Amino acid sequence: MRETITGKEILTREEVMEILKIGRSTFYKLLQTGELKGFKEGNRYKVPAESIEEYVDKRMME
């Protein structure tokens, strides 16, 4: 289930992993390095869809 706040889509770890076709360790590495922006709510990470778009755009420019 995807949540929205003021029109911004918020994705779970599992959704991000599926969209980017990455594993759990890569997901956490991207968060730790700041390549992917997100936040922790309770014991779950949430990532704005906008952050995924920015990450993909940046990778395509390399």
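Computed from a predicted structure; not experimentally measured. All residue numbers in this chain count up from 1 along the given sequence.
- Identified under the side chain to side chain donor-acceptor pair (under 3.5 Å) test for residues 28-38, with sequence neighbours left out: R13-Y28, T33-E35.
- Atom CG of residue L36 and atom CD1 of residue I22 lie 7.0 Å apart, to the nearest 0.5 angstrom.
- Taking OH of Y45 as the start and CD1 of I10 as the end, the distance is 15.5 Å to the nearest 0.5 Å.
- Closest approach of P48 and G38 over heavy atoms only: CD-CA, 4.3 Å.
- We find the CG-OG distance between L30 and S51 to be 9.5 Å, quoted to the nearest 0.5 Å.
- K46 places none of its side-chain heavy atoms less than 4.5 Å from the side chain of E15.
- With sequence neighbours excluded, no residue satisfies salt bridge (Lys or Arg N to Asp or Glu O under 4.0 Å) with R24.
- Annotation: side chain of Y55 is in contact with side chain of L20 (closest heavy-atom distance under 4.5 Å).
- Judged as a salt bridge (charged side-chain N to carboxylate O under 4.0 Å, His left out), the pairs with a partner in residues 51-60 (not counting sequence neighbours) are, in order, R59-E62.
- Heavy-atom neighbours of E18 CD from other residues, nucleotides or ligands within 6.0 Å: at or below the threshold of 12.
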